[in-house]
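Note that the structure is predicted; figures quoted are calculated from it, not measured.
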Amino acid sequence: MSMSTQHGGGTRRPSSTKPGGKPKDGPADKAGEKTGDKAGAKPGAGAKPGAAASGAGAAKNTGAAKKGARPAAGGKGGGRRPVTPVKVNQGRNWGPIAMFSAVGLIAAGIIGFGGYQVYQNGMSWEDRAAKISGIQNYRKSNPKMLEYQQHQPGKINYPMAPPVGGVHNDNWQRCLGDVYTAPIANEHAVHSMEHGAIWITYRPDLPKAEVDQLAKKVKGHDYTLMSPYEGQDKPISVQTWGYQLKVDKADDPRIDQFVKALREISAKEPGATCSSGAYITETGTTPRDLQPDTSGGQAGMPGGTG
């Protein structure tokens, strides 16, 4: 038998149940289930006891878990506990230290070099020459040997070999970086040194390799000349007006020091030339007295008489 109840102008059909079963799902039942689930209520009629116990245990475990759980970030009491940073003891960074040390050394070197240059520039050429080990300064030790009144033709005797100054011939040996392979006359070479030339002499038995090394110091350089010299007591002798240095080897650094300190600046006649005028290019130890050129040139010059 079916019954209908009028309520609020509507009709509601009662839910039907089967014997020993649970009522059919209806709108009210569904709402009750949802409400009971949220409230943690006991299961309704027809539920198994084991299921109820299981639900209760799950609820207790859930509550315990919630009670011992760490509070979520942003909740009351703050977020996670801050992590203490671990200090790492790093080694010293040597890169910048090495760079600044190198810069300091370079700066010190520049300053030192600049100071040395100032010191060098403040020295006279005589002081620079005096610093060359083994140099002989006859301007100081025997100035009378260098004195003369006028040029002198013919053979002249000198107190040393090779000579370093004194009376000399009217004509000079060309000293435009000339390398003579045979001996030349003292009288002409002394006149060249009066003009400020450096005269390099060597014993004829000097090895060819060393002769070639000396030639490189002369070729192409004005106010220099070189030639072999018989009878000198050292393998190599370097001289200019009033100064002399004798060495054993062509690679002796004092040769370059001598040339740098005294070439041209040591001239007794400052401003005189080595490359033009009454010069000669002939070899031989007998001096040549050049005669006036009748062709309009000058003796010793191209086109003149030699």
Side-chain angles (χ1 to χ4, degrees), residues 120-121 123-132 134-152 156 158-180 184-202 214-227 229 232 236-247 253-283 287-288 290 298-301:
Q120 285 288 91
N121 293 334
M123 296 173 62
S124 67
W125 65 268
E126 292 94 344
D127 291 337
R128 287 193 290 271
K131 291 177 69 68
I132 301 173
I135 195 170
Q136 295 293 324
N137 182 359
Y138 293 103
R139 296 187 182 203
K140 184 177 180 180
S141 62
N142 194 357
K144 285 190 171 293
M145 181 182 67
L146 306 174
E147 294 176 358
Y148 76 96
Q149 298 298 321
Q150 60 185 10
H151 294 138
Q152 181 178 319
I156 301 172
Y158 292 97
M160 65 186 60
V164 297
V167 182
H168 52 269
N169 193 276
D170 187 47
N171 306 108
W172 61 89
Q173 197 81 24
R174 191 178 70 178
C175 44
L176 188 61
D178 292 274
V179 174
Y180 299 98
I184 60 177
N186 289 330
E187 294 79 6
H188 299 310
V190 170
H191 194 158
S192 299
M193 291 190 291
E194 184 188 36
H195 290 190
I198 303 294
W199 181 25
I200 299 178
T201 59
Y202 59 93
L214 291 174
K216 290 180 181 179
K217 302 178 187 297
V218 174
K219 289 181 179 179
H221 299 286
D222 201 3
Y223 294 96
T224 59
L225 72 161
M226 84 181 246
S227 65
Y229 200 97
Q232 66 182 34
I236 301 168
S237 183
V238 189
Q239 43 273 324
T240 190
W241 190 269
Y243 289 94
Q244 190 170 59
L245 174 69
K246 294 184 178 183
V247 299
R254 293 175 296 168
I255 298 175
D256 292 334
Q257 294 171 12
F258 187 100
V259 173
K260 183 178 180 180
L262 295 169
R263 184 170 66 96
E264 189 177 1
I265 199 170
S266 61
K268 182 175 174 61
E269 283 186 6
T273 181
C274 262
S275 56
S276 63
Y279 67 77
I280 66 169
T281 56
E282 290 80 10
T283 58
R288 296 169 178 266
L290 303 181
Q298 186 175 5
M301 295 290 289

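- Note: Ser266 OG to Phe258 CZ = 7.0 Å, rounded to the nearest 0.5 Å.
- Distance check: Cys274 SG to Arg263 CZ gives 10.0 Å after rounding to the nearest 0.5 Å.
- No side-chain heavy atom of Trp172 sits under 4.5 Å from any side-chain heavy atom of Ile280.
- Residues His151 and Asn169 fail the side-chain proximity criterion, which asks for heavy atoms closer than 4.5 Å.
- Atom CG in Asn186 sits 11.5 Å away from atom CE in Met160 (nearest 0.5 Å).
- Here the OH atom belonging to Tyr148 is positioned 10.0 Å from the CD atom belonging to Gln150, to the nearest 0.5 angstrom.
- The aromatic rings of His168 and His191 sit tilted, their planes meeting at an angle between 30° and 60°.
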Next item on the list: With side-chain contact (heavy atoms from CB on, under 4.5 Å) as the test, would you mind laying out the steps for Gln136 and Tyr243 before giving the verdict?
Entry: CA-CA 6 Å; Gln136 295 293 324; Tyr243 289 94; over 6 Å; no

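- Here the side chains of Val164 and Trp199 are not in contact, with every heavy-atom distance at 4.5 Å or above.
- Within the 4.5 Å cutoff, side-chain heavy atoms of Ser227 are placed close to those of Thr201.
- Taking each heavy atom of Pro287 and His188 in turn, the nearest pair found is CA-NE2, 3.5 Å.
- Residue Ile184 holds its CD1 atom at 9.0 Å from CG of Asp178, rounded to the nearest 0.5 Å.
- Contact of the Asn171 side chain with the Tyr279 side chain is not registered, since no non-hydrogen atoms from C-beta on lie closer than 4.5 Å.
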Next item on the list: Carefully, step by step, assess Lys217 and Ile255 under the rule side-chain contact (heavy atoms from CB on, under 4.5 Å).
Entry: CA-CA 9 Å; Lys217 302 178 187 297; Ile255 298 175; 3.8 Å; yes

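- The shortest side-chain heavy-atom distance between Tyr229 and Ser237 does not fall under the 4.5 Å cut-off.
- There is no side-chain donor-acceptor pair under 3.5 Å between Gln173 and Thr281.
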Note to self: Go through it in stages, so that I can follow the logic: the residues are Ile200 and Val218, the test is side-chain contact (heavy atoms from CB on, under 4.5 Å), and I'd like the CA-CA distance, side-chain angles, deciding distance and then a yes or no.
What the structure shows: CA-CA 8 Å; Ile200 299 178; Val218 174; 3.9 Å; yes

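- Considering every non-hydrogen atom in both Leu262 and Ala129, the closest pair reads CD2-CB, 3.8 Å.
- In this structure the side chain of Arg128 never reaches within 4.5 angstrom of the side chain of Gln257, judged on heavy atoms.
- Here the closest heavy-atom approach between residue Tyr158 and residue Val167 is recorded as OH-O, 2.5 Å.
- When atom types are taken as modelled, the side chain of Gln232 and the backbone of Lys246 share no donor-acceptor pair closer than 3.5 angstrom.
- Glu187 places a side-chain N or O within donor-acceptor distance of the main-chain N or O of Ile156, the cut-off being under 3.5 Å.
- We find the CE-SG distance between Met226 and Cys175 to be 15.0 Å, quoted to the nearest 0.5 Å.
- The heavy-atom pair separating Ala197 from Thr240 by the smallest distance is O-OG1, 2.9 Å.
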Next item on the list: List the steps and the verdict of side-chain contact (heavy atoms from CB on, under 4.5 Å) for Glu269 and Trp241.
Entry: CA-CA 10 Å; Glu269 283 186 6; Trp241 190 269; over 6 Å; no

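- Proximity of Arg174 to Ser275: side-chain heavy atoms (C-beta onward) are nowhere separated by under 4.5 Å.
- Minimum interatomic distance between Ala261 and Ile132 (heavy atoms only, all atoms of both residues): CB-CD1, 4.3 Å.
- Every residue two or more places apart in sequence or in another chain was checked for a side chain to side chain contact (heavy atoms under 4.5 Å, CB included) with Lys216, and none qualifies.
- For the pair Gly166 and Val190, the tightest heavy-atom approach, listed with the atom from each and the gap, is O-CG1, 3.8 Å.
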